[in-house]
Amino acid sequence: MDYEITPEEVKSKLNAGELFTLLDVREPWEFNTARIDSTKLIPMGDVPSRAHQELDPEEHIVVVCHHGVRSMNVTVWLRQQGFEKAQSMHGGIDAWSRRIDGKVAMY
């Protein structure tokens with residue numbers, strides 16, 4: 001499984017009703033500004049202490065941040081911890097706003 005997934009692929013999976021965790025690793029103020037429905041918020045700094053309690057290592061996890069840098073760092077860390085189906089959404093919420101859902105605020 002690739003380390004990255006495009007916003008279009010994520011949208012397709014959501015439309016198809018596929019089960020996966022959409023994990024937002026931005027700060028709460030960012031999450032409150034712009035988010036994708038049904039996203040789980042665990043700020044990047046909290047991931048190491050919360051991942052094993054709140055995430056299923058067998059589940060597909062798509063990690064989202066603002067532009068894709070934090071999400072890639074978290075994806076790499078999750079993979080090292082045995083979350084083999086973790087992927088970073090390329091371009092983050094910014095790309096989602098531009099290419100998928102213009103109603104999601106840009107900041």
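Predicted, not measured: the structure shown is a model, and the values here were computed from it.
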Checklist entry - Which pair of heavy atoms, one from V62 and one from F20, lies closest together, and at what distance? => result CG2-CD1, 3.8 Å
Checklist entry - Within the side chain of D2, is there an N or O that forms a donor-acceptor pair under 3.5 Å with the backbone of E4? => result no
Next on the checklist: I'd like to know whether D94 forms a side-chain contact (heavy atoms from CB on, under 4.5 Å) with M106, so could you lay out the CA-CA distance, the side-chain angles of the two residues, the decisive distance to 0.1 Å, and finally the verdict.
Outcome noted: CA-CA 6 Å; D94 187 72; M106 293 178 63; 3.4 Å; yes
Checklist outcome for this item: dist L22:CG -> L41:CG (nearest 0.5 Å) comes out at 11.5 Å
Checklist entry - Judged by atom type as modelled, is there a donor-acceptor pair below 3.5 Å linking the side chain of H66 to the main-chain atoms of Y107? => result yes
Checklist entry - Among all residues two or more places apart in sequence or in another chain, which pass the side-chain hydrogen bond (donor to acceptor under 3.5 Å, both in side chains) test with E8? => result R99
Checklist entry - Heavy-atom distance under 4.5 Å between the side chains of M1 and H60, does that happen here? => result yes
Checklist entry - Shortest non-hydrogen contact from A105 to T33? => result CB-O, 3.5 Å
Next on the checklist: So, taking the atom named CD in E59 and the one named CD in E84, what distance separates them when rounded to the nearest 0.5 Å?
Outcome noted: 14.5 Å
Checklist entry - Can you tell me if R70 uses its side chain to pair, donor with acceptor, with the backbone of R26 under 3.5 Å? => result no
Item to check | Residues that, via side-chain heavy atoms closer than 4.5 angstrom, fall in one hydrophobic cluster with V25 | outcome: L23, I42, M44, V47, L55, I61, V63, V74, W77, L78, F83
Checklist outcome for this item: So OG of S38 and CG of D24: to nearest 0.5 Å the spacing works out to 11.0 Å
Item to check | Pair I93-V104, side-chain contact (heavy atoms from CB on, under 4.5 Å): steps then yes or no | outcome: CA-CA 8 Å; I93 195 82; V104 173; 3.9 Å; yes
Next on the checklist: Would you say that more than 12 heavy atoms from the other residues, nucleotides or ligands in this model lie under 6.0 Å from the CG of D37, or not?
Outcome noted: no
Next on the checklist: Quick one, K13 and I5 - any side-chain contact, counting heavy atoms below 4.5 Å?
Outcome noted: yes
Next on the checklist: Using the rule given for side-chain contact (heavy atoms from CB on, under 4.5 Å), can you reason through W96 versus V64, listing the C-alpha separation, both sets of side-chain angles and the distance that settles it, and then say yes or no?
Outcome noted: CA-CA 10 Å; W96 183 270; V64 179; over 6 Å; no
Next on the checklist: Quick check: closest heavy atoms across C65 and S71, and the distance to 0.1 Å?
Outcome noted: SG-N, 3.3 Å
Checklist entry - Looking only at heavy atoms, what is the nearest atom pair of E58 and K85, with distance? => result O-NZ, 3.0 Å
